[in-house]
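Written below as C-alpha cells is the structure these notes are about.
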Number of protein chains: 2
Amino acid sequence: MATIYDVARLAAVSPATVSRVLNGRGDVNPELARRVEQSVRKLSYRPNGVARNLRRKVAAVWALVISDIENPHFTALVRGVEDVARANGHSVVLCNTDEDLERERAYIDVALSERMAGVVISPASDRQSALGPLLDAGVPAVTIDRRLRSSPVSSVVVSNRRGGYEATAHLAAQGYRRIACVAGPLRTTTAAQRLAGYRAALGEAGLPADKALVRVADYKEAGGAAAVAELLRQPDPPDAIFVTNSLMTMGALRALGEAGVTIGTEVGIVGFDDLPWAPLVSPSLSTVAQPTYELGRTAAEMLVHQATDPEARVRSVTLPTELRVRGSSHR
Amino acid sequence: MATIYDVARLAAVSPATVSRVLNGRGDVNPELARRVEQSVRKLSYRPNGVARNLRRKVAAVWALVISDIENPHFTALVRGVEDVARANGHSVVLCNTDEDLERERAYIDVALSERMAGVVISPASDRQSALGPLLDAGVPAVTIDRRLRSSPVSSVVVSNRRGGYEATAHLAAQGYRRIACVAGPLRTTTAAQRLAGYRAALGEAGLPADKALVRVADYKEAGGAAAVAELLRQPDPPDAIFVTNSLMTMGALRALGEAGVTIGTEVGIVGFDDLPWAPLVSPSLSTVAQPTYELGRTAAEMLVHQATDPEARVRSVTLPTELRVRGSSHR
DNA sequence: GTGAAAGCGCTAACAC
DNA sequence: GTGTTAGCGCTTTCAC
C-alpha cells in the first residue's frame, strides 16, 4: 500500500504538503494541490488511519455499546446515533455486550485502546460500571436508555417510572384487580424505575402490593415466558400483567398461549416498548411506546456537545413515553 | 496516560521487556515480570492499541458489516460471529449500511483505514461492490447471507432458491392458484434466488407465471405493505402471497389487515425468515426458517481460516432452510 | 507557501 | 535473557 511519501515523491512535493492537501489545512498552491490529487489517484492512495490516529491521538470513530443486539429497542436507537454521527464526520461502530459486564469491559477497552472519539453506552449495570477508565481518560461518554448511579455521566433516558405508572394505572382503570409485574434485572435503572411506577400506581388505585405478583426476570424472551408461567401456576394467579420490555412480552404471550389463557378477557396485558408487530397479534397488544430515534439522536448530540466543550457539565435528559391502548388490556 | 516507557522506568527494565511481558512472548525472568506487572498496576497502564496496530500493521478487531440493523435476521447473525471471534481473540464491531452503497463504501474505508483484521459483510449489491479495495489490500473477507457476483470472495448463504421453491410449492399444494411473490431488491442474490425458486415451483405446479403477480420491493416494512396493497387492488388479485423477508412480511400482514382480508382463508401467506412472534399472530404465520446463528458462526470460521492461510481458495457454503407450516398457509 | 524533521507509543531485529 | 534502537505512516511545529 502506498504511503504519503510515495505520493509526495510522485507529486514532487513534501509529505507535509500532501498532508495539507488531504486535510484541507493551510494554503497550498493550486498547482501543487492538483499534482497531489493526481498522484493520490494514480497510486490509489488511502491514508493510514492508524498512523493518523496515533499522531492525532484520537480516531474519527464512535462506539455505541448496547446491551442486547437482539432487542429491537436497542437496534432502533442506532439510526438516531448514526445520523448525528455522520453529520459530524464520525462513523459509528456497534458493540454488543449481551448484558455481560465482562464483555462491557472488553469493549470499553477496545474503545479506549483504539482511541475512539466518543462512547454512547447502555450500561449492563447501574453500579459496577466499566466506564471508569473511559472517564478517567477524558473520553466523551453518554449513557443511553439507562443511567449510572456509580459515576457522574450525562444520560438520556425515558420516563420509565411514569411509563410503568401509566401502564399499571390503565390496567387498574380497566377493572383488573390482581395486576402482576414482570420486571427486568434490577441492576438496571430502567427495571427499577418501571417497577417503582407499577408500585405507585397499585398504591394509588388502592390495590394490594402482593409480593407474589412481582417476578424479576432478565429482559429476555425465555425469562419472560418462565416468569409468566410461574405467575399462572400460583394458587391465586393474576388477572393482568405489566411486562417491562418487548422481548419478555413476547415470551409472556407465548406462555399465556401455551396455558390456554384468553388474553384481555382472562388476563390483561401491557408491554413496555412498542413494536411493529404489536397491532398484528390478536388481540392487538397495548404498549408503552418509547421515542427510540430521539433517544439515539439526543445522546449523540450530547456527545458532540461534550467533545466540543470538555468543561460541559453532566446533564440528564428524560424523554416522554406514550401509552398505546389496544386490545390486550380490556375485557 | 502512562506509556510503556513509564512502566519500564518504574520497573527498572527496558520497554522491550515490558512489551515481552505484556504479550507473553520470549522468556522473561520471573522477577522482572513481577516488577513489570506491579508497575502496570500502579500506573494503571493500558497499552496504546493504535501504536500497537501501527507497528503490527493489523488490529485485533473484526468488522461485521450488515445491510439493515433493524432486520432481526441480521442481528441474529451477530451472536454466531461474536462467539467465534471471541474464541480467537478478536472483538467484533458492527457497521450498519442500510442497504446504501455509499455507506457500505464508507465502512469498508473505516475497516481498511483502521487496519481491522477481517470483514464479514452482507453486501448491499451483488455487483457494484465496495469490497475491491479490501480484497486488493489482502484483508480477509467473507460475505454472509448474500453472494457477490463481481468478485471472487468466500461466502456463506442459505438455500434461497430451494426455500423459495418450497414455500411456493407448499402454497400450490394447499390449493392456492394465484400465488403472488413480493421480492426484495434484485441486486441482492437472496432476492434473485428466492424469486427463481418461486418461479420454478409455479412452473412445476402447472400454474401460470403472471407477471402482475410479482412485485419487487425493498426488504423493508413499508415496501412490503405497499406491494401487497397494490396486489390486492388488481382486477384479478392473488389468493396467496410468498413474501421474501420478515420485514416485508410484517408490512404484508398490516396491508392485509387494513384491506379486511382474512389470512389463510382468503389469502394464504408464507414469509421468509422465522421470527419469535410468527406463532403469536393469528392465524400463526408459516415461514421459511434460516439457521442464523450457524450462518454467523460459519462465516466467522471461514474468516479465521482465511487469516490463517492466505492461500486458502474461495469457498462457498450453503446452509439449508426449513419450511415451517403454520396457520397462515391453508384454508 | 513549502519543506525538514521530530515524535506519537509500540514491537521486533539485533547486539550484547 | 535483556537492552538499544529503528521505524511503522502520519501531522505539525519550525525555519526558510
Side-chain angles (χ1 to χ4, degrees), chain A residues 1-37 39-40 43-61 89 109-110 112-117 137-139, chain B residues 1-37 39-40 43-61 89 109-110 112-117 137-139:
Chain A
M1 280 227 246
T3 74
I4 200 168
Y5 289 96
D6 300 324
V7 176
R9 202 174 314 123
L10 185 60
V13 298
S14 74
T17 298
V18 177
S19 175
R20 285 182 192 112
V21 173
L22 258 35
N23 297 296
R25 286 193 221 282
D27 278 324
V28 178
N29 182 324
E31 161 61 13
L32 296 195
R34 204 192 49 72
R35 262 158 45 199
V36 167
E37 276 151 16
S39 307
V40 164
L43 298 171
S44 47
Y45 166 74
R46 328 171 64 80
N48 181 326
V50 177
R52 170 180 289 176
N53 298 344
L54 179 60
R55 183 59 227 232
R56 289 200 185 150
K57 293 172 181 300
V58 58
V61 179
D109 241 41
V110 171
L112 215 43
S113 169
E114 302 293 331
R115 298 295 190 268
M116 294 188 185
V139 177
Chain B
M1 280 228 246
T3 74
I4 202 169
Y5 288 96
D6 300 325
V7 176
R9 200 175 313 124
L10 185 60
V13 298
S14 75
T17 298
V18 177
S19 175
R20 285 184 193 111
V21 173
L22 259 34
N23 297 297
R25 286 194 221 283
D27 278 324
V28 178
N29 182 325
E31 161 60 12
L32 296 196
R34 204 192 48 72
R35 264 162 39 203
V36 167
E37 276 151 16
S39 307
V40 164
L43 298 171
S44 46
Y45 166 73
R46 328 172 64 80
N48 181 326
V50 177
R52 170 179 290 176
N53 297 344
L54 180 60
R55 183 61 228 229
R56 289 198 185 151
K57 294 175 180 299
V58 58
V61 179
D109 240 41
V110 171
L112 215 43
S113 169
E114 302 294 331
R115 296 296 189 266
M116 295 188 184
V139 177

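Just so it is clear: chains get the letters A, B, ... in the order the sequence lines come, proteins before strands, and each one is counted from 1. Reckoned from all heavy atoms, side chains included, excluding hydrogens, waters and symmetry mates.
- Atom CE of Met1(A) is separated from atom C1' of dC10(D) by 14 Å (rounded to the nearest Å).
- Side-chain N/O atoms of Lys57(A) include none lying less than 4.0 angstrom from OP1 or OP2 on dT11(D).
- Separating the CG atom of Leu112(B) from the P atom of dG9(D) is a distance of 14 Å, rounded to the nearest angstrom.
- Following rounding to the nearest Å, Arg35(A) (CZ) and dG1(C) (P) show an atom-to-atom distance of 16 Å.
- A donor-acceptor pair is defined here as one N or O able to donate and one able to accept, closer than 3.5 Å; no such pair exists between the side chain of Arg20(B) and the backbone of Arg25(B).
- OP1 or OP2 of dG3(C) has at least one side-chain nitrogen or oxygen of Thr17(A) nearer than 4.0 Å.
- Nearest heavy atom pair, residue Val7(A) against residue Val36(A), reads CG1-O, 4.1 Å.
- Atom CG in Asn29(A) sits about 9 Å away from atom P in dG1(C), given to the nearest Å.
- Between the side chains of Glu114(A) and Asn53(B), at least one donor-acceptor pair of N or O atoms lies under 3.5 Å.
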Which nucleotides of nucleotides 10-16 of chain C have their base under 4.0 Å from a protein heavy atom (B), which only their sugar-phosphate (S), and which neither (-), written as one string 5' to 3'? BBBB---

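- Once rounded to the nearest 0.5 Å, the distance linking CG of Leu43(B) with CD1 of Ile4(B) reads 12.0 Å.
- Atom CG in Leu54(B) sits roughly 9 Å away from atom C1' in dG9(C) (whole-Å rounding).
- As judged by a 4.0 angstrom heavy-atom cut-off over every strand, Val50(A) is placed among residues making no nucleic acid contact.
- Whole-Å rounding puts the Glu31(A) CD to dT2(C) C1' distance at 14 Å.
- Under the 4.5 Å side-chain criterion, counting only non-hydrogen atoms from C-beta, Met1(B) is not in contact with Asn48(B).
- With a 4.5 Å cut-off on side-chain heavy atoms, Val110(B) and Met116(B) count as touching.
- For the pair Asn53(A) CG and dC8(D) P, the interatomic distance rounds to 18 Å; values are reported in whole Å.
- Protein atom CG of Leu43(A) is 15 Å distant from nucleotide atom C1' of dG9(D), rounded to whole Å.
- Arg34(B) and Glu37(B) are not joined by a salt bridge, as no carboxylate oxygen comes within less than 4.0 angstrom of a charged side-chain nitrogen.
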